[in-house]
Amino acid sequence: MPATAMFSKFKHGPTGQNVLDNNPIVQYFEIGKQTASAGPELVWRIHDAYRKSDGKEVSVFLFEKRCAEKLHKPKRKETVTEILRASVRQLGRFRHPKILQVVHSVEECSETLAFASEPVLASLANVLAYQESGGGGGGGVGPPSTGASSQTQPATLPRPPHAREYHFLDVELKYGILQITEALSFLHYSGHVLHRNVCPSSILVTKKGTWKLGGLEFTERVNEIDGLESVSCQPWTSRLPKMAQPDLDYIAPEVQTSSLCSIVSDMFSLGLVVCAIFNQGRPLIQANHSSSTYMKQLEVLEEQLHNVLPRVPVPLQEAAVRLLSRDSRQRPTAQLLSLIKYFSDPVVQALQFLDVINMKDPSQKSHFYRNTLKEVLPYIPRKLWFQHVWPSLQQEMKTQEVLAAVLQPIIFLVQECTIEEYENIILPSFRSVFSVPKSIQATVTLLESLHVILEKTPRDDIRAEVLPMLYNAFESTTIQVQSAALVAVTNVAEYLDETAIRRMVLPKTKAVYEKNTGDLKIVLNVLSCVEKTLDRLDKPQIIDEVLPLLWDVRLQDPEVTLRVVNIYRLMLSDKKYGLSVNLMATRVMPSLLPQTVNPSLNLEQFTNLLEVLQEMLDHIDRNQRNKLKLDNLSLPSPERHRPLRHQYSSDNMHVPPFNIPNLRIEQRKTSSAEDMARKNSADSGVLGGWWFGASPSSPDSNFLRVHNAFPNRRLSDNALMMPPKIRIAPSCASSPGGTPGGGGLPIRRHSSIGPQERRGSTVNLSPPTGGLHYRSVSREGSSLSVPSTYLARSMIGGSMPNTSSSVPFLLSSSMSSIRSRRPSACLSSSQGSGLLQQLGSGMVRQLTLGTSSQHPANGRAFPSSNVRKCPSCVTLNRILPAAAVAASHLCFAIIFVAFTHSELLPSFSPLPLW
């Protein structure tokens, strides 16, 4: 709040107003009410004030001369005034971060003496008085168990008028004691003076929470060469006014007994202050302005110390004992005391540096704010954030040289504070940072942390001050600032309305991309920005502006590819984004497919890319199928979730096994012996060569070329490939299903028979008695072979073996299967069909009658050896000459070739092979 409003409520009492009106200091400061007191016998009245010229907050120390009127002697009154006047001059002379800083020198009138200092909360005496009166705080609990203090003072005292309620944290006490120690070290070794009045009324607690040493009314020069050398001094006496003497309760023994003092005399006084702090503000010696009482209590000081010592922190106990030693040689100096382990705390060291930050150069400040303070800040108590740390940061924000470094701890404070703390404490000063010119690093820091700031900033301030800064950053000529602006949009997209994104963010993002297409970091940030704001854009903008940008991006880098893929994945999730199947097929997939072989992609990135491509294919598949109305086609749809490069491979088709009983299909080349036998068979007769399709020019022409991978295709559609070699073994007693008694083949299945239909065979496979060697027949019946030479010769002339009985079955099976075939597989002409049927039926009747292995009368099977003994069979054998048998085989060959090679009969519809 403005300083004028802060102090508009300042009202002086009737007496105070009259006194202040006469002092010249009112020309420079607006003085408020009294808040504390300090100095000998607390004669200084401390008022809150601010400087009229710049509104800087200060404290005004006021001494009313009439307070000394009770001394009765005018010389004494003047003596007190001179002592106080000299103390102000001493404070101005010894300027040190640990000594109270004078802002305005002493001003005097006939009634008052006044000066201005840095803002003071209270004196240590005020705080300890509150604790001593029963207000709590401090480190001690309850009064000392023994000693004069418990005899002379009750447990609860009336609270002094200016007792200040203030509860010290442990770190505050640790840091405060160290500050006073360093102030004494400065006076002893740099100023070469003794303080002589180290007591709570000479120690001031500032509004930042730091302790400052004041009260330089009784300083004494010491030997500049050896400060430990004693010098003479005035002991406390009742003949002089109390205001003109040090506090008797904190005087060193040698001063009172020997009228000598040295720098370690101040250390004794400091030891008494330390014990009073941890003893609820009660000093170990309470002389009540009596030198004799002082001497009596001095005798029991050691006992008093041991009673209080348990309340003192353990690392400080040894130092306290040595400080209060009556032997001055046992006391540590200020330099030595500041090195004890009790003070080696990172938090304390950081607070120390803050106190002297104004004495450091910009590079030292930047290093401290960016590193040390940022690391230590989480360990500093929250109370000190705004009391001690924030005032320093607030002051440094005005310096452009260190603003970038100062923003680091400020962002942490903003993130950790409450909304009320941010709006009331931080925002009033932080608001100016958004509009003032900043360095590149400061702007980048602010933009990258913008989401933390906007989380606490009111909406009105966001629109009025923060967002304009963000939009202006896009137009910066520095790549770092542009990149930070893109990152900021990604982080704060939820704080931006749709109008701002469509009219401001997207056009500026495209402009940044067009200027930096070769910068990988910019491209990545642009893609992240597009992905974050995509759902806030309308469909035309996406199609006209976003998609062309994605198509223009170079996808060689894996990170770029991954982000583009993520954007496409988001577009595929909803139709509102306008990614049609036409765009997928013509623009998107052609740009993504080459990246599937990009060696820079790892497995996860490749998987993501492939998933998006597969999802696009699914969209195209569903759309096109619906469009072409092919959902009900019998053609199976390709499996959609298999890898692309294996999906349509013929290797993955499930083909029914090509399994024909008693048939062996060999894909290997024939041996030379077999080739020779085939050649001999062809030379022996035209019929044998034509029957097996053998010729000198085509020794392998008896191989049927069949694509077994396409069982549903018709034969006419198949190309002639290497045919399987089919060999029919002669009948023998050891053949499967063959018995000496004339049993038939095991059940065989024709191609036209369903998988459940099986037909029995009554063929007798007794081998002829010849000198030829036959291939062995396995028990599975998968290989039946007979030399083509023997079979051809038997067909032309000579005795026909009983294997001819297998022909009627094959022919009848083929004819019956023709009748059971679907219409598309039958003859299209009734005339052609009748001719073949007549020919086939006649053949069946003749061959069945002539080659039956059953008795005509009773139908009983009999062995082949008994055929000639049956009169009916003898008659049949005589009726059918060898020419009829050869003719029957020739007809069967014609029919067999006709059905297996349909191209020879143009009137036939193509038939499946099996």
Would you say the side-chain atoms of [X] pair up with the backbone N or O of [Y], donor to acceptor, closer than 3.5 Å?
X      : Y      : result
Thr596 : Leu593 : yes
Thr478 : Gln480 : no
Glu57  : Tyr50  : no
Ser185 : Thr181 : no
Asn472 : Pro468 : yes
Arg536 : Ala500 : no
Ser439 : Ala442 : yes
Trp385 : Leu413 : no
Asn516 : Ile479 : no
Ser573 : Leu570 : yes

Just how far is it from atom [atom1] of [X] to atom [atom2] of [Y], taken to the nearest 0.5 Å?
X      : Y      : atom1 : atom2 : result
Glu396 : Leu354 : CD    : CG    : 9.0 Å
Lys576 : Ile542 : NZ    : CD1   : 8.0 Å
Leu562 : Phe606 : CG    : CZ    : 14.0 Å
Asp538 : Glu545 : CG    : CD    : 8.5 Å
Phe353 : Lys365 : CZ    : NZ    : 9.5 Å
Ser483 : Lys521 : OG    : NZ    : 4.5 Å

Measure across [X] and [Y] and return the closest heavy-atom pair with its distance rounded to 0.1 Å.
X      : Y      : result
Gln541 : Leu537 : OE1-CD2, 3.7 Å
Pro381 : Leu169 : CB-CD1, 3.4 Å
Asn525 : Thr490 : O-OG1, 4.5 Å
Lys208 : Ser392 : NZ-OG, 3.4 Å
Val376 : Pro346 : CG1-O, 3.9 Å

Side-chain heavy atoms of [X] within contact of [Y], under 4.5 Å:
X      : Y      : result
Ile426 : Cys417 : yes
Leu351 : His388 : yes
Leu393 : Pro409 : yes
Val205 : Phe168 : yes
Leu450 : Tyr495 : no
Val489 : Ile501 : no
Val466 : Leu470 : no
Val553 : Leu555 : yes

Pair listing, ring pair (Phe, Tyr, Trp, His ring centres under 6.0 Å) test, anchored in residues 546-579, at least two apart: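 Of all non-adjacent pairs touching residues 546-579, none passes ring pair (Phe, Tyr, Trp, His ring centres under 6.0 Å).
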Result block: side-chain N/O donor-acceptor pairs under 3.5 angstrom for residues 526-535, not counting sequence neighbours:
residue: Ser528; atom: OG; partner: Leu524; partner atom: O; Å: 3.1
residue: Ser528; atom: OG; partner: Arg563; partner atom: NH1; Å: 2.4
residue: Thr533; atom: OG1; partner: Cys529; partner atom: O; Å: 2.9

Inter- and intrachain pairs under side-chain hydrogen bond (donor to acceptor under 3.5 Å, both in side chains), touching residues 411-430, at least two apart: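 Sorted result for residues 411-430: Arg382-Glu421, Gln394-Ser429, Thr418-Glu421, Tyr422-Thr457.
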Is it true that [X] and [Y] have a side-chain N and a carboxylate O under 4.0 angstrom from each other?
X      : Y      : answer
Lys383 : Glu172 : yes
Glu118 : Lys207 : no
Asp621 : Arg625 : yes

Pair Leu617-Leu613, side chain to side chain contact (heavy atoms under 4.5 Å, CB included): steps then yes or no: CA-CA 6 Å; Leu617 279 177; Leu613 287 172; 5.8 Å; no
Mind jotting down which residue pairs meet the salt bridge (Lys or Arg N to Asp or Glu O under 4.0 Å) criterion with at least one end in [range]? Sequence neighbours excluded, please.
range            : result
residues 472-494 : Glu475-Lys508
residues 404-415 : none
residues 592-606 : none
residues 429-448 : Arg431-Asp461, Arg431-Glu465

Between Asn608 and Gln605, is the side-chain hydrogen bond (donor to acceptor under 3.5 Å, both in side chains) condition met? List the steps. CA-CA 5 Å; Asn608 291 335; Gln605 294 165 342; over 6 Å; no
Show me the donor-acceptor pairs, under 3.5 Å and distance only, between side chains in residues 399-408 and residues at least two apart or in other chains.
residue: Gln400; atom: NE2; partner: Pro437; partner atom: O; Å: 3.3
residue: Gln408; atom: OE1; partner: Lys374; partner atom: NZ; Å: 3.0

Just to verify, what does Glu514 make a side-chain contact (heavy atoms from CB on, under 4.5 Å) with, not counting sequence neighbours?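 Residues passing side-chain contact (heavy atoms from CB on, under 4.5 Å) with Glu514: Lys510.
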Partners of His619 by side-chain contact (heavy atoms from CB on, under 4.5 Å), sequence neighbours excluded?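 Partners of His619 under the side-chain contact (heavy atoms from CB on, under 4.5 Å) test: Leu572, Val581, Met584, Glu615, Arg622.
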Not counting sequence neighbours, which residues clear side-chain hydrogen bond (donor to acceptor under 3.5 Å, both in side chains) with Lys456? List them please.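 Once residues adjacent in sequence are excluded, Lys456 has no partner under the side-chain hydrogen bond (donor to acceptor under 3.5 Å, both in side chains) criterion.
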Residues that Gln441 engages under side-chain hydrogen bond (donor to acceptor under 3.5 Å, both in side chains), provided they are two or more places apart: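 For Gln441, no residue satisfies side-chain hydrogen bond (donor to acceptor under 3.5 Å, both in side chains) once neighbours in sequence are set aside.
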side-chain hydrogen bond (donor to acceptor under 3.5 Å, both in side chains) for Asn582 and Ser580? Distances and angles first, verdict last. CA-CA 5 Å; Asn582 291 335; Ser580 64; 4.9 Å; no
For Tyr342, does the six-membered ring have the charged nitrogen or CZ of Lys174 within the cation-pi criterion, i.e. under 6.0 angstrom from the centroid and within 45° of the normal?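 Positive - Lys174 is close enough to the ring of Tyr342 and near enough to its axis.
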